[in-house]
Amino acid sequence: MSNIQGKVVLITGASSGIGEAAARLIAAKGAHVVLGARRTDRLEKLVADINAQGGSARCRALDVTDHTDMQAFADFAKAELGKIDVIINNAGVMPLSPLSSLKVAEWNRMLDVNVRGVLHGIAAVLPTMEAQGHGQVINISSIGGLTVSPTAAVYCATKFAVRAISDGLRQETDKIRVTVVCPGVVESELADSISDEAAREEMKAFRRVALTPNAIARALVYAIDQPNDVDVSEIVVRPTASPH
């Protein structure tokens, strides 16, 4: 029997891309998935698909930038299923631009979603996991959390922050497993938020070699499936053909 079966797994940013792929695969492995995102129409369709295939899925509208909303999401999962075993803090945005473009609103949006969203997710589940004596926090960083590139200074800063927060949490607890997953280029809607034309064209070229979201979903399954005394602290997943 796997170490995933029967677990309650919360996933943010679950309406597309990595979040959607993770929801499908983790549910197929026998977990109960609780899915959050702003686009509830897509969430509801995903939940219906998973349940129709014999899985167990629920959803709730979620804005990760709102601490109260994130707490309500976690409370919903616990009320429905009695516990929280895993949270995957996956929601993220990537509106790249040179710093000289002064897109301050976009910088703040990245900080709100990519950093505060992760902190809100941790805050929402940590008391429950500590009380249970077990749990796992999985935070999605990026290869942008390992090295910085032009037009991506703020995005990379947020993903470096995700790794720092994660390692700090790992060191502060002996009960909770903490995992960071750093994807390379993955087919997703992430680049659609780029408003700077030059950065958008550059990213199209950069993303010609890309993994499917299922590659990251499999990495998440691997991390969750390890025995409770094994913490997979960090996984980097890149396309074989990518130099980045």
Side-chain angles (χ1 to χ4, degrees), residues 12-13 16-19 21-22 64-65 87-122 137-172 178-213 215-220 222-223 231-244:
T12 73
S16 65
I18 291 170
V64 299
T65 69
I87 186 168
I88 301 174
N89 288 308
N90 166 70
V93 293
M94 191 185 69
L96 305 183
S97 64
L99 289 170
S100 59
S101 295
L102 302 180
K103 292 183 179 285
V104 177
E106 291 185 356
W107 301 347
N108 287 333
R109 179 67 180 160
M110 281 187 278
L111 289 167
D112 284 343
V113 176
N114 298 359
V115 181
R116 290 190 180 92
V118 168
L119 288 169
H120 293 162
I122 292 168
V137 174
I138 303 178
N139 297 325
I140 305 299
S141 179
S142 166
I143 56 168
L146 305 171
T147 185
V148 183
S149 55
T151 76
V154 178
Y155 176 74
C156 291
T158 67
K159 293 304 185 177
F160 270 77
V162 169
R163 292 179 64 229
I165 291 162
S166 303
D167 202 46
L169 177 60
R170 180 190 63 78
Q171 294 179 52
E172 289 175 8
V178 183
T179 300
V180 180
V181 177
C182 299
V185 181
V186 176
E187 295 168 3
S188 74
E189 300 174 354
L190 202 56
D192 295 349
S193 63
I194 300 174
S195 64
D196 184 89
E197 197 56 43
R200 194 178 179 92
E201 289 306 309
E202 190 176 322
M203 187 50 57
K204 279 182 186 174
F206 182 78
R207 295 174 73 85
R208 283 199 189 105
V209 178
L211 296 167
T212 68
I216 311 305
R218 290 192 296 271
L220 292 166
Y222 171 79
D231 185 357
V232 179
S233 298
E234 188 165 62
I235 305 176
V236 181
V237 185
R238 290 183 171 96
T240 302
S242 174
H244 304 289

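Sequential numbering from 1 along the given sequence is applied to the chain's residues. Keep in mind the model is a prediction, meaning the values are calculated, not measured.
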Any donor-acceptor N/O pair, K159 side chain to I140 backbone, under 3.5 Å:
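Yes.
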For the pair E234 and V180, evaluate side chain to side chain contact (heavy atoms under 4.5 Å, CB included) and give the outcome as yes or no after the intermediate values.
CA-CA 5 Å; E234 188 165 62; V180 180; 4.1 Å; yes
Apply side chain to side chain donor-acceptor pair (under 3.5 Å) to [X] and list each qualifying residue two or more places apart in sequence or on a separate chain.
X	value
S166	N139
T179	Q136
N114	T158
D167	R170, Q171

Pairs meeting criterion salt bridge (charged side-chain N to carboxylate O under 4.0 Å, His left out) with involvement of residues 146-157, two or more places apart:
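Salt bridge (charged side-chain N to carboxylate O under 4.0 Å, His left out) check on residues 146-157 returns no pairs.
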Spacing of CG belonging to N90 relative to CD1 belonging to I216, to within rounding of 0.5 Å
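Here the interatomic distance stands at 10.0 Å.
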Could you give the distance from CG (L96) to OG1 (T151), rounded to the nearest 0.5 Å?
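L96 CG to T151 OG1: 4.5 Å, rounded to 0.5 Å.
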So Y155 and V93, side chain to side chain contact (heavy atoms under 4.5 Å, CB included) or not? Walk me through it.
CA-CA 8 Å; Y155 176 74; V93 293; over 6 Å; no
From L119, D112, V118, residue fulfilling side-chain contact (heavy atoms from CB on, under 4.5 Å) relative to V115:
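In the set L119, D112, V118, the residue that makes a side-chain contact (heavy atoms from CB on, under 4.5 Å) with V115 is L119.
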Tell me every residue that passes side-chain contact (heavy atoms from CB on, under 4.5 Å) with V148, counting only those two or more places apart in sequence or in another chain.
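In terms of side-chain contact (heavy atoms from CB on, under 4.5 Å), with neighbours along the sequence ignored, V148 is linked to C156, F160.
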Steps toward side chain to side chain contact (heavy atoms under 4.5 Å, CB included) verdict (I235, L220):
CA-CA 9 Å; I235 305 176; L220 292 166; over 6 Å; no
